[in-house]
Amino acid sequence: MATLSQIFRSLKIRRFRSAVYQARWMSAMSTLLIEEPKYAWLKELGLSSKNKGVYYGRWEGSGEETTSICPALNRPIAHVTTGSTSDYNAAIKATQDAWEQWVEIPAPLRGDIVRQIGDALREKKHLLGKLISLEVGKILPEGEGEVQEYIDICDYAVGLSRMFSGHIFPSERPGHMLLEQWNPLGIVGVISAFNFPCAVYGWNSAIAMACGNVMLWKGAPTTPLVSVAVTRVISSVLEKNKIPGAVCSLVSGGADIGELMARDERVKLLSFTGSTNIGHKVSLMVQDRFGKFLLELGGNNAIVVNEDADIDMVVRSALFACAGTAGQRCTSTRRLILHDKVHDAVVERLVKAYAQLRIGDPIEDGTLYGPLHNQQAVTKYKEALQEAEAQGGKIVYGGKVLDRPGNYVEPTIVVGLAHDAGIVMKETFVPIVYVLKCKNVDEAIRWNNEAKQGLSSSLFTKDLSLIQKWIGPKGSDCGVVNINIPTSGAEIGGAFGGEKHTGGGRESGSDSWKQYMRRSTCTINFSKELPLAQGIKFE
C-alpha cells in the first residue's frame, strides 16, 4: 500500500504535469494563427488579429469580442468585435437609407453590380475557400466550391435582372387592363449557419439585390471571419461604383442580434438557415409582427436503393453524401434504406470505401474528410452512438473519437436499427448513417416520408415506373427528389429547400426570386366608362 508521502508526491507530479499541459495550451491559445507565417495569406483578405464585425458603409463594432477557432487544430485564428444593440440600430438605419438610392437604379444596372461582385469573388476564390476550410473545417475543394456557388448565383442574377416576369391578363371589362406588378420588399435580413457561411448568403443576396432589395446579414457566431472577408469583397465593389456600402450591411453577433432582426418590422423578409428548433422560434417572432420569413432548416435525408441499382454508383454516392463535410450538410444522408437483396453487398463495399477515406487537415491537398466544427458536435456524436446501441444498433464501421488535435471523429455506419427507432428519426448533425433493410420501394417510400423533415431524398434504380412513382404525388415528400445521385450537392439553377419541418422556404434558382418581392394586382381603366366587375350595377 502506498504511504501518504507517496500519495502526496504522486499528486504533486500530476498537478505539475497538469500545470505544464495547461501552460502549453494557454501558450498555444495566446498565439493567433493569423500571426504565424503559414497563415499570412489571411491578411490578403483584409483580415487582421483584431477585426471589427459590423459594416454599414464603415467598419464598427462595440459588442463583445469573440475568437474564431480552427476546428482542425482547436487553436484561435483571430478576434472579431461583434455588434451591440446600438451598432445594430445604426446599421439598419443606414441600410434603410441606402435602399432609397439602390431601388432607383434600374434592375439591369443592379444586375451589373452583382456581376462585378461575382468577378471580385472569382479573384478571391482560392483565398476565401482556404478561409472557409480553416474556419469551418470542410475540405478545401468544398470550401472553394462554396465560393463558386456564390459566383454562379451572381451570374444567374445578372440574367434575372432583365427577366422579371409579370403577367397581363384579359379583363372582363371593356377599356381595362389587368396586370401584375412585382416590387422589391426593402430590407432583407439573412441569418446564415456555420456549415455554409458564404454560399447561403450568396443565394439570398445576389437574387435579392437584383430584385432591388438591400441586405442585413448576421453570419454564424463561430464563422465571423468568413462574414467579414466576404463583406470586404462586396464593399469594395459597392465603393468603387459609388454605391452606399450599407446596401450590404453586416452585424456579427449571437442570438441577441438575431432576435433584434426577427422582431424588427423594418426587416421585411428574414431568411434563416439553421436548426429546426431555432428556426421555429424565429418564425414565431417574425409571424408575430406579420413579417415574411424564409426557412432552410434540418433534413433527415434518405437514400433508397432498389434491387436493380448500380451498386458502384450507390457506394460512390453514399460515401460523399454520408461522410462528405463530415456529415455536416443539411443535405447529408442520415438514412440508407437498402432493398434486402442488396443490403449486405452495399454495406460490405461501403465499409471498405470508408476505410479508404483520407482523414487530415482540410486545407491540405488530398484530404477527403476533416473535423467536426466544434466540441459540442463531438459530444452529440458520442451521445448519438450510445443511443443507437441502446436501441439495438450495431456499429460496423467507425464509432470512435480520434486521438489527435482538433474535433476529429470516425465516420460511422450503424446497422440493425428499426426504421422508426428514436435515434433514426432524430437528425444528428454528425457523420453517422443508419442503414435500414426494406422489402421493396413502396415500403422504402413510407419510411422516407415518416421523417418530420422533408429536405432531400434520392432513389437508385433503373426502373422507369419506380422513377415516376418516386417523383410523383405518392413518392418522396421532400423538396429535393433525386434519381441516381446523392442527396447532397444541389445546383443553383433549381429552387433549393424542403417541406414539413424543413420550413418550406425556397432559395437560389427557378422562381425563388418571388420570395424577395411583393406582388400587386393592378387594374387600369383607360376608358371613359366605369363598369364594375361581375356586371354589378350600382346606380
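Source: prediction; values computed, not measured.
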[X]: which residues meet the side chain to side chain donor-acceptor pair (under 3.5 Å) condition with it, sequence neighbours left out?
| X | result |
| --- | --- |
| E348 | none |
| R329 | E142, T325 |
| D264 | Y88, R266 |
| E499 | R506 |

Regarding [X] and [Y], is there a side-chain donor-to-acceptor distance under 3.5 Å anywhere?
| X | Y | answer |
| --- | --- | --- |
| S465 | D463 | yes |
| W217 | S192 | yes |
| D308 | T461 | yes |
| T333 | T487 | yes |
| N407 | N74 | yes |
| T67 | H79 | yes |
| E135 | S68 | yes |

Can you tell me how far apart [atom1] ([X]) and [atom2] ([Y]) are? Round to the nearest 0.5 Å.
| X | Y | atom1 | atom2 | answer |
| --- | --- | --- | --- | --- |
| K124 | K130 | NZ | NZ | 12.5 Å |
| N51 | S252 | CG | OG | 9.5 Å |
| T273 | L294 | OG1 | CG | 8.0 Å |
| I117 | S235 | CD1 | OG | 9.5 Å |
| K281 | S275 | NZ | OG | 8.5 Å |
| N448 | D477 | CG | CG | 6.5 Å |

Kindly say whether [Y] contributes a backbone atom to a donor-acceptor pair with the side chain of [X] at under 3.5 angstrom?
| X | Y | result |
| --- | --- | --- |
| S508 | I492 | yes |
| T367 | I363 | no |
| T502 | G454 | yes |
| H373 | V136 | yes |
| N213 | A208 | yes |

**Item:** Non-neighbouring partners of L319 that pass side-chain contact (heavy atoms from CB on, under 4.5 Å), sequence neighbours left out
**Value:**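 A353, Y354, L357.
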**Prompt:** Under the side-chain contact (heavy atoms from CB on, under 4.5 Å) test, which residues partner A451, sequence neighbours left out?
**Reply:** N300, R335, Q453
**Message:** Tell me which pairs pass salt bridge (charged side-chain N to carboxylate O under 4.0 Å, His left out) where either residue lies in residues 382-410, with sequence neighbours left out.
**Reply:** E387-K426
**Request:** Could you note down all residue pairs passing salt bridge (charged side-chain N to carboxylate O under 4.0 Å, His left out) where residues 428-448 supplies at least one of them, sequence neighbours left out?
**Result:** D442-K469
**Asked** Should K452 and E427 count as an ion pair when the cut-off is N to O under 4.0 Å?
**Response** no
**Asked** Any salt bridge between R75 and E36, counting N to O under 4.0 Å?
**Response** yes
Is the [atom1] atom of [X] crowded by more than 12 outside heavy atoms at less than 6.0 Å?
| X | atom1 | answer |
| --- | --- | --- |
| E64 | CD | no |
| D365 | CG | no |
| K380 | NZ | no |

**Request:** Please examine the side chains of L45 and R232, heavy atoms only from C-beta on, and report whether any two atoms are closer than 4.5 Å.
**Result:** no
Per-pair distances, 0.1 Å, donor-acceptor, side chain in residues 194-206, under 3.5 Å, sequence neighbours excluded:
unit_1	atom_1	unit_2	atom_2	d
N195	ND2	Q328	O	3.0
W203	NE1	E149	OE1	3.1
N204	OD1	S271	OG	3.0
N204	OD1	Y516	OH	2.8
N204	ND2	V200	O	2.9
N204	ND2	S271	OG	3.4
N204	ND2	E507	OE2	3.0
S205	OG	Y150	OH	3.0
S205	OG	Y201	O	2.9

For [X], what residues pass the ring-ring contact (aromatic ring centres under 6.0 Å, His included) criterion, not counting sequence neighbours?
| X | value |
| --- | --- |
| Y156 | none |
| Y381 | none |
| W470 | none |

**Request:** List the atom of L455, the atom of F496, and the distance in Å for their closest heavy-atom pair.
**Result:** CD1-CZ, 4.1 Å
**Fill in**
In terms of heavy-atom contacts, W447 and C438 come closest through CZ3-CB, 3.7 Å
